[in-house]
Amino acid sequence: METQKEFLIDEETLEVPFSLMKSKTGFSFDIGGSCIKLVYSLGENNEKGDSLIIRMTSFSSTKLKEAMEFLKKRLGSGIQSGEKIFTTGVGCHIEENFINSELGIKLVNVSEMDGFVEAFRFLVSNYSISDITHPQSSVAVEYKDRMIGQILSMLAKNVSISPEHRTSNGQMGVENTDSSLIENKLKEDEAAAAAAAIEPKEVEEQLPPKFKYPCIMAMMGSGGGILKIEEDRFMVLDGMTRCGRMFLGLGSLLVGSKSFEELIELASKGNDENVTVLGKQLKSNDCFDVYAQMPDDLVLYCFGQAVGRNLADFKREDLAAALLSTIAQDLAQATHLNSHVLKADTIYFCGSFVGQSQLVRDTIGKYFSFRCSLDAFNQMPLKTHHFMKFGGYLGALGCLLRNMNK
């Protein structure tokens with residue numbers, strides 16, 4: 001098979017039981033602001049012979065002609081002239097005439113939200129959560145534990161951060177606080193919240209929690225959106241403009257990167273602490289100083305060290321890392337706050353921005369985990385999050401399901 005590696009971003013497969021599909025072959029795609037996501041079935045069986053193999057492949061959005069050529073070579077006669085094909089993404093709207101001409105089909109473009117939700121419902125209904133989500137990142141866990149440890153250490157110095165301990169002029173007061181009591185209370189709150197998320201029968205049988213509605217879907221591609229998904233409906237609460245496309249655009253301006261892969265490679269080698277201002281950089285030894293109450297690693301000002309300086313003063317790698325950190329914090333904060341507004345305790349991150357890079361998942365995950373851990377201090381519901389496998393392909397997969405189950 002000719003893979004055209006100079007254009008191909010990645011390839012994944014999903015095995016779907018025959019009983020869930022009316023047709024054995026089909027295709028669809030989602031053309032977003034940065035990526036072209038192709039999904040297709042050639043009618044291939046898995047090793048057991050009980051499932052179809054769905055293939056998923058991505059191209060840069062600048063390689064539309066190459067992506068269409070790839071589809072024609074892979075599908076051949078599987079593309080029926082004049083056939084109506086459900087697709088999604090802004091690129092399908094913009095390039096509709098070109099695509100129809102290249103493939104000899106008739107596009108029926110649906111909204112990204114409809115495609116994503118349809119695929120999401122299909123996956124959570126027919127697969128275990130562990131099969132369709134990435135394992136929890138050790139980076140996120142370590143960051144959360146380190147930050148919580150710093151907060152407990154701060155409390156051990158008899159400095160209270162509770163609102164009820166503020167003085168009349170808004171300044172922080174001081175109280176004798178046993179950090180071990182705070183730590184035990186945190187553990188109790190986390191255990192109680194985890195137990196509350198599992199039905200009594202499941203606890204008794206020691207079974208893992210099952211998927212439950214409602215939940216939050218955080219779509220993060222070139223742009224983003226936050227949806228609340230219930231059993232019989234979904235609603236779009238918020239949109240996010242500061243996602244993958246902004247990451248690429250600012251990366252091009254700041255470090256001259258030409259691709260997502262190059263920018264991620266730079267970020268992986270950089271240290272955002274050389275650009276960002278952290279709590280430890282403003283702390284004093286005076287326990288009555290409000291800044292002494294901040295954790296060392298708490299981010300105070302993204303790009304705060306850049307004030308009055310030039311790009312030449314920083315390493316490209318550090319700037320790339322600071323850019324990823326800034327966007328990740330913004331996305332984590334928006335998702336966390338919306339999860340409280342929507343009163344849903346489980347969040348599923350998806351979209352090509354988080355789907356293409358472990359570093360992006362680690363960075364968003366660590367800031368989201370920390371924000372959720374702070375909920376325990378305020379006795380608020382404990383939030384859990386997952387990063388979806390095939391997350392960047394959900395829109396195209398949802399359309400493929402329509403095409404193969406007409």
Side-chain angles (χ1 to χ4, degrees), residues 1-14 16 21-44 52-120 122 219 221-223 225 244-245 248 260 350-352 355-356 390-406:
M1 182 185 78
E2 183 180 350
T3 58
Q4 298 181 343
K5 290 184 179 179
E6 65 270 30
F7 305 127
L8 197 65
I9 293 177
D10 57 15
E11 187 168 39
E12 301 180 51
T13 59
L14 172 68
V16 180
M21 310 296 279
K22 291 182 179 180
S23 174
K24 286 189 175 182
T25 60
F27 69 96
S28 187
F29 39 86
D30 173 2
I31 304 179
S34 304
C35 295
I36 301 170
K37 286 78 69 175
L38 311 177
V39 296
Y40 59 94
S41 171
L42 302 175
E44 304 167 275
L52 284 170
I53 296 178
I54 304 296
R55 297 190 176 276
M56 309 177 206
T57 304
S58 295
F59 287 75
S60 166
S61 60
T62 62
K63 303 299 180 181
L64 178 58
K65 184 173 178 60
E66 291 79 5
M68 296 300 102
E69 288 295 327
F70 177 89
L71 266 184
K72 287 191 286 187
K73 289 181 179 179
R74 292 297 284 142
L75 295 167
S77 60
I79 302 177
Q80 302 297 320
S81 178
E83 182 180 9
K84 290 185 177 181
I85 299 296
F86 290 106
T87 60
T88 189
V90 64
C92 289
H93 171 71
I94 296 172
E95 301 291 349
E96 180 178 1
N97 292 335
F98 172 78
I99 295 169
N100 285 340
S101 175
E102 281 290 305
L103 300 181
I105 60 174
K106 174 63 177 176
L107 294 191
V108 181
N109 213 29
V110 302
S111 78
E112 290 94 330
M113 283 73 174
D114 287 325
F116 267 76
V117 172
E118 190 161 339
F120 179 81
F122 176 83
M219 299 168 56
S222 293
R245 187 77 176 184
L248 288 173
F260 179 81
C350 58
S352 292
Q356 289 184 35
F390 324 113
Y393 295 100
L394 292 188
L397 180 59
C399 292
L400 178 72
L401 295 172
R402 292 193 184 191
N403 293 331
M404 295 181 68
N405 289 297
K406 294 177 182 176

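The cationic atom of R402 (NZ for Lys, CZ for Arg) lies less than 6.0 Å from the six-membered ring centre of F86 and within 45° of the ring axis.
Ion pairing between R55 and E12 fails under the 4.0 Å rule for side-chain N and carboxylate O. Note on E95 versus K65: no salt bridge recorded, every NZ/NE/NH1/NH2 to OD/OE distance being 4.0 Å or above.
Residues I79 and I105 come closest through the heavy atom pair CG2-CG2, 3.7 Å. Counting all heavy atoms, side chain and backbone alike, T87 lies closest to F29 at CB-O, 3.5 Å. Taking each heavy atom of T25 and L42 in turn, the nearest pair found is CG2-C, 3.7 Å. Minimum heavy-atom separation, K37 to A396: O-CB, 3.7 Å. Of all heavy-atom pairs between K106 and N100, the closest is CA-OD1, 3.6 Å. When every heavy atom of S41 is checked against every heavy atom of M404, the shortest pair comes out as CB-CE, 3.9 Å.
Within 6.0 Å of atom NZ in K84, 12 or fewer heavy atoms from other residues, nucleotides or ligands are found, so the atom counts as exposed in its surroundings.
A donor-acceptor contact closer than 3.5 angstrom is absent between the side chains of T88 and D30. S58 and Y393 are linked by a side-chain donor-acceptor pair at a separation below 3.5 angstrom, with hydrogens and angles left out of the test.
Of the listed residues (S60, S222, S61), just one forms a side chain to side chain donor-acceptor pair (under 3.5 Å) with S34, and that residue is S222. The only option from I94, L38, L64 that meets the side-chain contact (heavy atoms from CB on, under 4.5 Å) definition with I31 turns out to be L64. Checking N403, I54, T57 one by one against Y40, the side-chain contact (heavy atoms from CB on, under 4.5 Å) holds for a single residue, T57.
Rounded to the nearest 0.5 Å, atoms CZ (F70) and CD1 (I36) are 12.0 Å apart. Rounding to the nearest 0.5 Å places SG of C35 at 13.5 Å from NZ of K63. To the nearest 0.5 Å, atoms OG (S23) and CG (L400) are separated by 9.0 Å. The SG atom of C350 sits 8.0 Å away from atom CZ of F120, with the distance rounded to the nearest 0.5 Å. L394 CG to M219 CE: the interatomic distance, rounded to the nearest 0.5 Å, is 8.5 Å. Here the CD atom belonging to E112 is positioned 9.0 Å from the SG atom belonging to C399, to the nearest 0.5 angstrom.
Here the side chains of M56 and T13 are not in contact, with every heavy-atom distance at 4.5 Å or above.
The main-chain N or O of C92 is never found under 3.5 Å from a side-chain atom of N109 such that the two would form a donor-acceptor pair. In this structure a side-chain-to-backbone donor-acceptor pair under 3.5 Å is present from S111 to D114. Panel note: side chain N405, backbone K22; a donor-acceptor pair is recorded below 3.5 Å.
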Candidate pair K24 and E44, rule side chain to side chain contact (heavy atoms under 4.5 Å, CB included), full reasoning: CA-CA 8 Å; K24 286 189 175 182; E44 304 167 275; over 6 Å; no
Quick one: do E83 and K406 satisfy salt bridge (charged side-chain N to carboxylate O under 4.0 Å, His left out)? Show the steps, please. CA-CA 12 Å; E83 182 180 9; K406 294 177 182 176; 3.8 Å; yes
